[in-house]
Peer 1: 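Take this structure, written in structure tokens, and hold onto it; I'll ask about it next.
Predicted model, so just to flag it, every value in this text is computed and none were measured.
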Amino acid sequence: MAVTGFMLVCFISVHLLGNLSVFFGVDAINIYAEKLHSLGPVVWIFRMAILLLFAVHITFGIQLTVENSSASPEAYAIKKRLKTTFAAESMIYTGLIILVFLLYHLLHFTVHVVHTDAVSAVQTLVNGRPDVFTMIGKSFNSAFISIVYVIAMCALFLHLSHGLQSFIQTFGLNNGKTQDTVTAIGKLAAIFYGLAYIAIPLAFLFHIVKI
Amino acid sequence: MNLTLHVWRQKGPQDKGKLVTYPAKDVSSDMSFLEMLDEVNDKLIKEGKDPIAFDHDCREGICGMCSSVVNGRPHGHQEKTTVCQLHMRQFEDGADIVVEPWLAKAFPIQKDLIVDRSALDVVMQAGGYTSCHTGGVPDANSQLIPKEIADFSMDAAECIGCGACIAACPNSSAMLFTSAKVSQFAVLPQGKAEAKVRVLEMTKAMLDEGFGNCTNHYECQEACPKGINVKFIATLNREYLKSFI
């Protein structure tokens with residue numbers, strides 16, 4: 001879980017950097033998208049690798065959940081939560097929300113089969129490049145689409161707020177002195193990822209970034 | 001003090017079991033929790049009823065035998081205290097107290113509050129030892145060990161193997177127990193010889209015995225009557241990775 005989780009965090013970091021280019025005008029994200037597409041087979045190898053990572057991470061996550069529920073089949077009449085968090089307890093659920101979102105996200109911005117009115121903008125050329133910026137902007141001008149993305153990114157925030165500190169512990173990089181700091185940094189980083197990703201749909205929804 | 005107990009009663013491993021309510025009247029606040037149960041049992045015996053079965057031995061908080069979840073917390077709500085050292089002055093007069101056994105697939109209930117914890121022995125047997133020379137007794141302190149290393153090992157060795165970590169863990173994982181046992185040897189020169197085999201064998205035994213996987217909830221550390229820190233889990237993970245190098 002920790003190894004694939006760490007690699008997926010690397011992926012969402014790069015993905016976020018690319019996506020934040022929407023804040024730098026029409027051309028920024030269009031140039032970025034064009035560069036990505038010009039890589040040809042490399043981008044496909046990268047996509048397949050990411051999908052494989054997701055598949056392994058999800059398979060392990062489900063296996064872990066099944067094994068752990070089988071190790072602990074009975075429930076106490078009363079059980080006090082001592083240290084764990086809602087984020088830690090809901091990892092499988094936030095993970096599954098992210099999985100459903102991932103499929104939707106791919107159908108939306110990669111395969112272009114949902115919200116076709118908005119994504120058709122990518123067929124138009126602006127300064128000789130496919131207009132990815134308007135495709136994103138038109139999509140997020142819809143409150144429904146923005147809310148879906150915001151909910152999914154809240155799930156991502158919860159997943160990361162446990163996952164980030166958890167992989168440091170699993171890699172054995174923690175010790176008594178670093179534990180609290182690692183947990184705090186993990187939560188702060190999760191807040192950063194959550195807010196940064198949420199900022200994109202909200203910026204278009206509230207016309208802070210105009211198409 | 002007058003209390004109302006809701007105690008898990010289960011005739012045997014195959015029985016379904018249920019919570020049964022008993023009044024505990026005129027309880028002295030100076031009694032330990034187990035002494036209070038003794039008094040309730042005296043009354044049950046006099047009434048010709050089956051007394052509540054519970055595990056105990058030293059009653060000094062060091063043997064790791066007592067094993068009850070009191071009001072949803074292994075060993076009760078007082079920090080770093082076993083249930084035998086939990087005194088009734090920690091409870092309010094008139095309180096309702098729910099007493100349950102450790103619940104985990106690896107700890108089958110034998111009767112009432114008694115569970116079979118021999119799975120922990122299996123984990124110990126798998127690698128919780130060091131080989132040593134026979135023959136003459138070596139001089140004391142012939143092998144110098146830095147104070148912080150000795151302290152680290154002693155902190156890990158404080159684990160009494162009661163199983164509260166497993167009872168508290170949402171996954172019934174024995175990672176804190178296993179990590180304490182691995183760590184107490186891993187940092188000492190005497191433990192280096194078998195370090196690789198130890199961590200692999202003990203981790204394997206832990207999973208084979210039906211304990212769950214650690215997902216870093218850290219409930220174990222809070223429930224531990226000896227305050228074993230989850231830093232030992234990181235040490236185990238480190239030892240595990242090192243074993244492949």
Peer 1: Examine whether an atom of B:Asn229 lies under 4.5 Å from a heavy atom of chain A, and if so say whether it belongs to the side chain, the backbone or both; otherwise answer neither.
Peer 2: side chain

Peer 1: Side chain, backbone, both or neither: which part of B:Glu239 has an atom under 4.5 Å from a heavy atom of chain A?
Peer 2: neither

Peer 1: Just verifying a value: how many Å separate A:Arg81 CZ and B:Glu222 CD, rounded to the nearest 0.5 Å?
Peer 2: 13.0 Å

Peer 1: Can you tell which part of A:Gln179 gets under 4.5 Å to a heavy atom of chain B, answering side chain, backbone, both or neither?
Peer 2: side chain

Peer 1: Give a yes or no on this: more than 12 heavy atoms of other residues, nucleotides or ligands lie within 6.0 Å of atom CD of B:Gln90.
Peer 2: yes

Peer 1: Please report the interatomic distance CD(A:Glu74) to OG(B:Ser172), rounded to the nearest 0.5 Å.
Peer 2: 10.0 Å

Peer 1: Are the side chains of B:Lys105 and A:Ser70 in contact, using a 4.5 Å heavy-atom criterion?
Peer 2: yes

Peer 1: Search all heavy atoms of B:Asn71 against all heavy atoms of A:Lys80 and return the closest pair with its distance.
Peer 2: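 Nearest pair, atom of B:Asn71 first, then A:Lys80: O-NZ, 3.1 Å.
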
Peer 1: Tell me which of these, B:Pro170, B:Cys220, B:Ala167, has more heavy-atom pairs under 4.5 Å with chain A than the rest.
Peer 2: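 Ranked by contacts with chain A, first place is B:Ala167.
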
Peer 1: Specify which of A:Glu67, A:His162, A:Met1 makes the most heavy-atom pairs with chain B at under 4.5 Å.
Peer 2: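 Heavy-atom pair counts peak at A:His162.
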
Peer 1: At a heavy-atom separation under 4.5 Å, does B:Leu19 approach chain A through its side chain, its backbone, both, or neither?
Peer 2: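 Contact with chain A: side chain only.
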
Peer 1: Select one option (side chain, backbone, both, neither) describing which atoms of B:Tyr218 are under 4.5 Å from chain A's heavy atoms.
Peer 2: both

Peer 1: Under 3.5 Å, is there a donor-acceptor pair between the side chain of A:Lys79 and the main chain of B:Ala168?
Peer 2: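 A pair under 3.5 Å: yes.
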
Peer 1: Count the heavy-atom pairs under 4.5 Å between each of B:Leu236, B:Ile166, B:Val98 and chain A, then report the option with the highest count.
Peer 2: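 That would be B:Val98.
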
Peer 1: Quick one: closest heavy-atom pair of A:Ser72 and B:Asn171, and the distance?
Peer 2: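 Smallest interatomic distance, heavy atoms only, reads CB-C, 4.0 Å.
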
Peer 1: Testing the 3.5 Å rule here: is there a donor-acceptor pair between the side chains of A:Gln169 and B:Asn237?
Peer 2: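 Result is no, nothing qualifies.
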
Peer 1: Would you compute the distance between atom OH of B:Tyr240 and atom CZ of A:Phe171 and round it to the nearest 0.5 angstrom?
Peer 2: 14.0 Å

Peer 1: Does B:Lys192, at its NZ atom, have more than 12 non-hydrogen atoms belonging to other residues, nucleotides or ligands within less than 6.0 Å?
Peer 2: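 Counting neighbours around NZ of B:Lys192, more than 12 heavy atoms of other residues, nucleotides or ligands fall under 6.0 Å, so yes.
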
Peer 1: Name the region of B:Leu241, side chain, backbone, both or neither, that has any atom closer than 4.5 Å to a heavy atom of chain A.
Peer 2: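 Contact with chain A is through the side chain of B:Leu241 alone.
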
Peer 1: Specify the closest pair of heavy atoms between A:Asn174 and B:Ala234, including all atoms of both residues, with the distance to one decimal.
Peer 2: O-CB, 3.4 Å

Peer 1: Mark yes when over 12 heavy atoms from residues, nucleotides or ligands other than A:Phe86 sit less than 6.0 Å from its CZ; otherwise mark no.
Peer 2: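 No, CZ of A:Phe86 has 12 or fewer neighbouring heavy atoms, counting only those of other groups under 6.0 Å.
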
Peer 1: Quick one: does A:Tyr76's side chain have a donor or acceptor within less than 3.5 Å of a partner on B:Leu103's backbone?
Peer 2: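 Yes, A:Tyr76 side chain to B:Leu103 backbone: donor-acceptor pair under 3.5 Å.
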
Peer 1: Using a distance-only test with no angle check, is there a side-chain donor-acceptor pair under 3.5 angstrom linking B:Asn216 and A:Thr170?
Peer 2: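 Yes.
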
Peer 1: If you compare all heavy atoms of A:Leu82 against all heavy atoms of B:Arg73, which two are closest, and at what distance to 0.1 Å?
Peer 2: CD2-CG, 3.4 Å

Peer 1: Against chain A, label B:Glu219 side chain, backbone, both or neither, depending on which of its atoms sit under 4.5 Å from a heavy atom there.
Peer 2: both

Peer 1: Measuring heavy-atom distances to chain B, does A:Ala2 have an atom under 4.5 Å in its side chain, in its backbone, in both, or in neither?
Peer 2: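 Contact with chain B involves no heavy atom of A:Ala2 at all.
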
Peer 1: Taking it one step at a time, do A:Met91 and B:Thr215 satisfy side-chain contact (heavy atoms from CB on, under 4.5 Å)?
Peer 2: CA-CA 10 Å; A:Met91 284 302 269; B:Thr215 49; over 6 Å; no

Peer 1: Does a side-chain heavy-atom distance below 4.5 Å link B:His217 with A:Glu89?
Peer 2: yes

Peer 1: List the atom of A:Ala71, the atom of B:Phe211, and the distance in Å for their closest heavy-atom pair.
Peer 2: CB-C, 3.9 Å

Peer 1: With a sphere of 6.0 Å drawn around CZ of A:Phe6, does it hold more than 12 non-hydrogen atoms of other residues, nucleotides or ligands?
Peer 2: no

Peer 1: More than 12 heavy atoms of other residues, nucleotides or ligands under 6.0 Å from CG of B:Asp93: is that the case?
Peer 2: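 Correct, the count exceeds 12.
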
